[in-house]
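Here's the structure, in structure tokens; my notes come after.
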Protein chains: 2
Amino acid sequence: MKIEPELCRVDDALDILVGKWKPLILLHLMKEGTQRFSELKRSLPEITQKMLTKQLRELEEEDIVERKVYAQVPPKVEYTVTEYGRSLESILVAMHEWGLNHQKHKLQRQMEKASAAE
Amino acid sequence: MKIEPELCRVDDALDILVGKWKPLILLHLMKEGTQRFSELKRSLPEITQKMLTKQLRELEEEDIVERKVYAQVPPKVEYTVTEYGRSLESILVAMHEWGLNHQKHKLQRQMEKASAAE
DNA sequence: CCGAATCCATGTCGATACTG
DNA sequence: CAGTATCGACATGGATTCGG
């Protein structure tokens, strides 16, 4: 049977979630609520400013997070998960839990492989 | 609050699903059951042999699909979703459905934007 | 404080040709 | 039939510098 790639929309969700820091950023924002740019930066010690900005803008583009700029000096920018963005939460949680189990599964396979090799 | 990236296992699942053809291959195998290499190739008209081989091997590596080689000429190789691999099905379906809705959501936002611009 | 701009290393994917 | 091998285009992510 021929496959019609256009009918599969898994990639729509994947595209939004893929990005080295996006799951982390999203889960953090979902848990903590509104956060300033600098707060997020402090929470992700390893990320560069460029990457944090980029990932947030991409999420904003898809209406997953909201970006709120305060007209003041020094600047203040807040990010919040949109109501719509919340619809991704159950998927993220499901993937996290699958990932936890996958770690165990991998270990188990390693052990089986090791004992089969002796 | 500082984030501990090691505690988030979303990427474990993401890494397995990411790949231009993996969701398509997986959903197809889940639906159709066991398939030969050439059947898969025919089902994905756009994919190259190299990519199909690569994506299948990566899925095999993670115990998501099983690869069965028959010792005969001409060669025959069959691929099947493992029992373990089935645990990804609900996530794939959830992502597909989220994607379907996201298409609608995007259209709606476009229309709102257009009418706000006049 | 929040970000834009630039340069560079690496990885992914496609096209193409070849093999047991 | 079911792969490998090689090459090159392009995208992603990191380091660094500059700006309002």
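Note on naming: letters A, B, ... go to the chains in the order of the sequence lines (proteins, then strands), and numbering restarts at 1 for each one. Atoms considered below: every heavy atom in the structure, side chains included; atoms not considered: hydrogens, waters and symmetry mates. What you see is a predicted model; the values in this text were computed from it and never measured.
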Practice task
Round to the nearest Å and state the distance from B:Glu46 atom CD to C:dC13 atom P.
Solution key: 15 Å
Fill in the blank from the handout: B:Ile47 atom CD1 is separated from C:dT12 atom P, nearest whole Å, by 15 Å
Handout entry: Whole-Å gap separating P (D:dA11) and CD (A:Glu58)
Key = 13 Å
Practice task
Could you tell me whether the phosphate oxygens of C:dC1, OP1 or OP2, come under 4.0 Å of any side-chain nitrogen or oxygen in A:Arg36?
Solution key: no
Practice task
Starting from the 5' end of DNA chain D, give me the residue, B:Glu78 or A:Trp21, whose nearest nucleotide shows up first.
Solution key: B:Glu78
Exercise for the section: Would you indicate, yes or no, if D:dG3 has its OP1 or OP2 atom less than 4.0 angstrom from a side-chain nitrogen or oxygen of B:Arg67? Expected result: yes
Completion exercise
Rounded to whole Å, CE of A:Met51 lies from C1' of D:dA11 at a distance of 12 Å
Handout entry: A:Val10 and B:His96: CA distance, side-chain angles, deciding distance, side chain to side chain contact (heavy atoms under 4.5 Å, CB included) verdict
Key = CA-CA 4 Å; A:Val10 172; B:His96 171 69; 3.8 Å; yes
Fill in the blank from the handout: Rounded to whole Å, CG of B:Leu52 lies from P of C:dA15 at a distance of 14 Å
Fill in the blank from the handout: Judged by nearest nucleotide, the residue sitting upstream toward the 5' end of DNA chain C, A:Leu56 or B:Gln55, is A:Leu56
Handout entry: Listed nucleotide nearest any side-chain atom of B:Val77, set C:dG14, D:dG3, D:dC1
Key = D:dG3
Problem - Under-4.0 Å salt bridge between A:Arg57 and A:Glu61 - result: no
Practice task
Find the distance A:Gln72:CD to C:dC1:P and express it as a whole number of Å.
Solution key: 12 Å
Handout entry: From D:dG14, C:dG20, C:dT12, nucleotide with atom closest to B:Lys54 side chain
Key = C:dT12
Problem - Nearest-neighbour nucleotide for the A:Lys20 side chain, C:dG14, D:dG13, C:dC1 considered - result: D:dG13
Practice task
Using atom CD of A:Gln49 as one end and atom C1' of D:dG20 as the other, report the distance to the nearest whole Å.
Solution key: 14 Å
Fill in the blank from the handout: Of the listed D:dG14, D:dA2, C:dC13, the closest approach to the B:Ser38 side chain comes from D:dA2
Practice task
Could you state the atom-to-atom distance from CZ of B:Arg42 to C1' of D:dA2 in whole Å?
Solution key: 13 Å
Problem - From C:dT12, C:dG3, D:dA2, nucleotide with atom closest to A:Tyr79 side chain - result: C:dG3
Exercise for the section: Let me know which of A:Ile25, A:Val81, A:Thr80, A:Val65 forms a side chain to side chain contact (heavy atoms under 4.5 Å, CB included) with A:Met30. Expected result: A:Val81
Handout entry: Base C:dG14 paired with B:Lys50 side chain (donor-acceptor, <3.5 Å)
Key = yes
Problem - Intermediate values then yes/no, side chain to side chain contact (heavy atoms under 4.5 Å, CB included), A:Trp21 and A:Glu46 - result: CA-CA 10 Å; A:Trp21 307 91; A:Glu46 317 281 81; 3.6 Å; yes
Practice task
Measure the acute angle between the ring planes of B:Tyr84 and A:His102, then classify it against the limits of 30° and 60° as parallel, tilted or perpendicular.
Solution key: parallel
